[in-house]
Amino acid sequence: MEGLSLQVESFLLLGFSSLGDIQLALFVVFLFLYLVILSGNATIISVIRLDQSLHTPMYFFLGILSTSETFYTFVILPKMLINLLSVARTISFTCCAVQMFFFLGFAITNCLLLGVMGYDRYAAICHPLHYPILMSWVCGQLAATCIVSGFLISLVGTSLVFILPFCGSNKVNHYFCDISPVIRLACADTYINELVIFICGVLVLVVPLISICISYGFIVRTILRIPSAEGKRKAFSTCASHLIVVIVHYGCASFVYLRPSSKYTSGKDRLVTVTYTIITPLLNPMVYSLRNKDVIPSLFPTHRWMPGINPSARIQEHLFLEKQWGLRVTSSGR
């Protein structure tokens, strides 16, 4: 029990300290990207709130995702930017646990939201006649379920890491408190803890991904029945943005979290982590909205926002699907 008296009180985030003078250049690049992420997501959130024509389920979920992405980057990037210019890169034991909890909470919420957004596209394309009724009463419940589930699973994962004794090295070979680099510092057997965390990772990543694949299987089958080439192109275009984000987000997250911490390699994992902590939040406003013909005209909103999702906007979306894509009979399976 001697190790308990030597309990680590703070961690040293090594981050990019091995890169020497390049850190200043990294600071400038990451600061610029962070500002772009904040401005992009803030623009999307504001546009969706202010323009009633965007009060549809798809943009409701996009607004929640953009909000989650904003907080997600806020948990990681400011501390990383400070450390790039600082000699003392320490973080207290408690702050490390808090950072991990909120990082995992928002990251898991994003994974679950992407799965729900896949179902939303399935409902819109495969059942356009029922879509307004189907989604009108479940949007808030689905979003709330994603958020609550995300932070409950995060609480489990963070607790499994920080109930372990840390009585040896305090050097975290990463730029924030992530699971693998922190749990490797524990001076106790971590097998059971890692097994439970791995099972949670499978549930969070694999289950929504399977759901997305099934949704897109039905979507592709429905789109192939559309008679016009233009209708097929329009239908595919609404799904392309979601698929790009899904591939980047789930691909990177699976590489890092669906394996034991013994397989952790600091250099490669840091590069992959930069992708899903910086590049993915940067992609979201660009591929989802800023290139979207529904959003670009709304960048100068003329309508006041009213809480909730406008039922008439749902009907407009349904009519658009019906008129533009020729999906009038697909909800009955013919």
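The basis for the numbers below is simple: all heavy atoms, side chains too, and nothing from hydrogens, waters or symmetry mates. Because the structure is predicted, anything quoted here is derived from the model rather than measured.
Checking side-chain atoms of D120 against main-chain N and O of V116 turns up no donor-acceptor pair under 3.5 Å. With hydrogens and angles ignored, the 3.5 Å screen pairs no side-chain donor or acceptor of S211 with any backbone N or O of V207. A donor-acceptor pair is defined here as one N or O able to donate and one able to accept, closer than 3.5 Å; such a pair exists between the side chain of S92 and the backbone of C95. The main-chain N or O of T145 is found under 3.5 Å from a side-chain atom of S149 such that the two form a donor-acceptor pair. A donor-acceptor pair is defined here as one N or O able to donate and one able to accept, closer than 3.5 Å; such a pair exists between the side chain of Y250 and the backbone of C111. The backbone N or O of T70 sits less than 3.5 Å from a side-chain atom of T73, completing a donor-acceptor pair. Side-chain atoms of T222 come within 3.5 Å of backbone N or O of F218 as a donor-acceptor pair. In this structure, D178 contributes its side chain and S180 its backbone to no donor-acceptor pair below 3.5 Å. For the pair H55 (side chain) and I48 (backbone), a donor-acceptor distance under 3.5 Å is present.
For F151, the CZ atom counts as densely surrounded, since its 6.0 Å shell holds more than 12 non-hydrogen atoms of other residues, nucleotides or ligands. Counted within 6.0 Å of CZ on F102, heavy atoms from surrounding residues, nucleotides or ligands total 12 or fewer; the atom is thus considered open.
Ring geometry for F106 versus F71: interplanar angle under 30°, hence parallel rather than tilted (30 to 60°). Between H242 and Y216, the ring-plane angle classifies as parallel under the 30° and 60° cut-offs. Below 30°, between 30° and 60°, or above 60°: for F166 and F162 the angle between ring planes is between 30° and 60°, a tilted geometry.
I45 and V75 fall into different hydrophobic clusters, where Ile, Leu, Val, Met, Phe, Trp and Tyr are joined by side-chain heavy atoms under 4.5 Å apart, directly or via other members.
Under the 4.5 angstrom side-chain criterion for Ile, Leu, Val, Met, Phe, Trp and Tyr, the cluster partners of L12 are L14.
Contacts of F103 classified as ring pair (Phe, Tyr, Trp, His ring centres under 6.0 Å), with partners at least two apart in sequence or in another chain: Y72, F176.
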